[in-house]
Amino acid sequence: MIKNMTKTGSPFDPESILVTAAQMRCIEQELFAQGLPVAALMEKVAGKIAHRLIELIPQGQKIGLLVGPGHNGADTLVVARELWQKGYGTTIYHPFQHAKPLTLAHKNYAHYLGIPFCENLPESNPCDVWIDGLFGLGLERELSPELADLIHTINTWHSTVISIDLPSGLHTDTGQPQPIAIRAHRTLCLGLWKLGLWQDVAQDYVGILERVDFDIPAQAITQGIHTSPPMTRLTSRAMLRALPIPRPPVIHKYQCGHLLLVCGSQTYPGAAVLAALGARASGVGMLTIAVPESLKNTITLAVPEAVILPCPETDAGTIAALPVALTGYDFIAIGPGLTRSAQGIVQTVFSTNLPILCDADALNILAPWSGQRPGFTVLTPHEGEWQRLFPQLDLTQRVQAAQQAAQIAHAVVVLKGARTIIALPDGALAVNPASTPGLARGGSGDVLTGLLGGLLAQGVKQNRDLTALVQAGVWWHAQTGLWLAKQYGELSVHPQQLTNDLATVLGQLIQAVAPGKK
Ligand SMILES: NC(=O)C1=CN([C@@H]2O[C@H](COP(=O)(O)OP(=O)(O)OC[C@H]3O[C@@H](n4cnc5c(N)ncnc54)[C@H](O)[C@@H]3O)[C@@H](O)[C@H]2O)[C@@H](O)CC1
Ligand SMILES: Nc1ncnc2c1ncn2[C@@H]1O[C@H](COP(=O)(O)OP(=O)(O)O)[C@@H](O)[C@H]1O
Ligand SMILES: [K+]
């Protein structure tokens, strides 16, 4: 019996929680309802922001502070006061006629202190650093042309911009600019990570992402998020609870899972090799690879430990049929390099109730998606495959689209990209927060398919949390790319290199989080 789909990420590790604007508001309201004065929270939060800014900004730098009408602006006024009193040259830009009472109070006090105010931006950039406190999670409509203009000007000045909570103009939940947004060098996100900051579209705006923790009590977090399926951000701590899959001293290879990979064609023999090498890196106990019979030698040379299933092939060199019954395998991964003419075997595998992962051409053959299958199913589309699979789901809202697809297909949907999203049928969502554009090349996904297939074969055999392994595999794959990019540059992240380094990089990742652990 396959273990129920559950989520990783401790419920109270703030680093792993993603919230919408509405959830953050709910959490804040709980704090205020339980007696924490709004102004007290603001002082605490803004004090922490100011402390961080003093670490980041050398004395003597001229600082411009963009102050909005709400509490994002109020935070920034408190920061302006603290920086001013520490001797920084600060100027406040507050192009608003109205403001919330607390914002007004801090504005009056800043005037009383003699901090210079300006209504409008000057022609040329007067500051070394800008603090962006125009809007945070309260942005509720498109920016007016005047405000869009102001943001455009700041962006054209290319000076250092540090955004408070979110880059102003960015939608808190979708990460979409409304219609423009500050391009920050660094974003100091307050309290809990906002969902929008981790979307592909936001990556051009957020810069370096830091979270300013302000000790939100666990019960307030629970109260704010318990009514919706959890949304988590994959953290090393959580992922290393699932990886590496424990391997007791007395174990034999079949207890480490048996994966069947159905892949390859004469057109794409390499996809089968890369997927097989990805599976090897996963530690799977037994690997059987079904390929067109003409590829048998190629695969054997590349992956001598694999059992090859030479399949009858079409004139075009694609798999015509599977020569055996699909029994004895713990998991099946199908797709890499099949070409779209392998409909027969995709339907054969799909119509079983076995646990499977569909990638690449298996997805193209199953597109557009219809129906559900009883077995545990993982789909790993990139945006191109997505458009064929779920043409009705709007990809500009990646989060909602992934959640809807997971429910429609009753599958774990891995929507790959710069920030890969993993959605579950129950609506739970996880985002992989770090990767490298070095992975944006053909073959990276084939490696991921093999890696996930191998992990899931082990997971099924040992009755582990399969969705935790999908998340951990996505994280591991991206972290290995990131490690290579940092060590040797982005061009070093080619798929073969990835397969060579997955296992050793996992060892490094473990050492970084838990020195001494094997
Ligand atoms: N946990 C947190 O996130 C905390 C949040 N705080 C700050 O409070 C912020 C949220 O404060 P608010 O709810 O006041 O929201 P904002 O400060 O983000 O701005 C909302 C204000 O801007 C106006 N507004 C919204 N969209 C507009 C548009 N397109 N054009 C012109 N005006 C627009 C609204 O009418 C409202 O007055 C957070 O982002 C954060 O900076 C802090 O007070 C402390 C804790
Ligand atoms: N810009 C990017 N930044 C980080 N990771 C990326 C980026 N583009 C793609 N990736 C990752 O690289 C892999 C590409 O997979 P895929 O598109 O399926 O490759 P292929 O099908 O050619 O093997 C995915 O894991 C994806 O998350
Ligand atoms: K902001």
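Computed from heavy atoms alone, side chains included, the values below leave out hydrogens, waters and symmetry copies. Ligands are counted one by one from 1 in listed order, and the atoms in each one are counted from 1 as well.
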> Has Asp132 got an N, O or S atom lying less than 3.4 Å from the K ion (ligand 3)?
Replying inline: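 Asp132 does place an N, O or S atom closer than 3.4 Å to the K ion (ligand 3).
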Evaluate [X] for polar contact with ligand 2, using N/O atom pairs at a separation under 3.5 Å.
X      : answer
Glu385 : no
Leu439 : yes
Asp359 : no

>> Suppose I only count heavy atoms of Ser444 and a 4.0 Å limit; which atoms of ligand 2 are within that range?
In response: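 Per the distance check, 12 (O), 13 (C), 14 (C), 23 (O).
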> Near His477, which atoms of ligand 2 are under 4.0 Å from a heavy atom of that residue?
Replying inline: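 Result: 25 (O).
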Which of these, [options], has its nearest heavy atom closest to [atom]?
atom                    : options                        : value
atom 20 (P) of ligand 2 : Ala485, Gly384, Ala434, Gly443 : Gly443
atom 36 (C) of ligand 1 : Lys48, Glu142, Lys100          : Lys100
atom 31 (C) of ligand 1 : Lys44, Arg141, Met24, Glu43    : Arg141

Can we say [X] and [Y] salt-bridge, meaning some charged N sits less than 4.0 Å from an Asp/Glu carboxylate O?
X      : Y      : value
Asp173 : Lys194 : no
Lys416 : Asp359 : yes
Glu383 : Arg398 : yes

Number the atoms of ligand 1 from 1 as they appear, then name those within less than 4.0 Å of a heavy atom of [X], with their elements.
X      : value
Val45  : 44 (C)
Leu139 : 18 (O), 25 (C), 26 (N), 29 (N)
Met42  : 43 (O)
Arg25  : 13 (O)
Phe214 : 1 (N), 2 (C), 45 (C)

For [atom], closest protein heavy-atom neighbour:
atom                    : result
atom 20 (C) of ligand 1 : Gly138 O, 3.7 Å
atom 23 (O) of ligand 2 : Gly445 N, 2.7 Å
atom 5 (N) of ligand 2  : Ser435 OG, 3.1 Å
atom 11 (O) of ligand 1 : His71 CB, 3.3 Å
atom 1 (N) of ligand 2  : Pro437 CA, 3.8 Å

> Below 4.0 Å from any atom of ligand 2, is there a heavy atom belonging to Gly417?
Replying inline: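 For ligand 2, residue contact (heavy atoms, under 4.0 Å) with Gly417 is present.
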> Should the ring pair Phe135 and Phe96 be called parallel, tilted or perpendicular, given that the plane angle runs from 0 to 90° and is split at 30 and 60?
Replying inline: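 Geometry flag for Phe96 against Phe135: perpendicular rings.
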> What about the rings of Phe350 and Trp369, do their centers lie closer together than 6.0 Å?
Replying inline: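 Yes, they do, as the ring centres are separated by less than 6.0 Å.
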> Under the 3.5 angstrom rule, does the side chain of Asp446 hit a backbone N or O of Leu274 as a donor-acceptor pair?
Replying inline: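 No.
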> About how large, to 10 degrees, is the angle OG of Ser168, then the K ion (ligand 3), then O of Leu166?
Replying inline: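 Reported to 10°, the angle equals 100°.
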> Side-chain donor-acceptor pair under 3.5 Å between Asp361 and Asn364, yes or no?
Replying inline: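 Distance-only check passes for Asp361 and Asn364.
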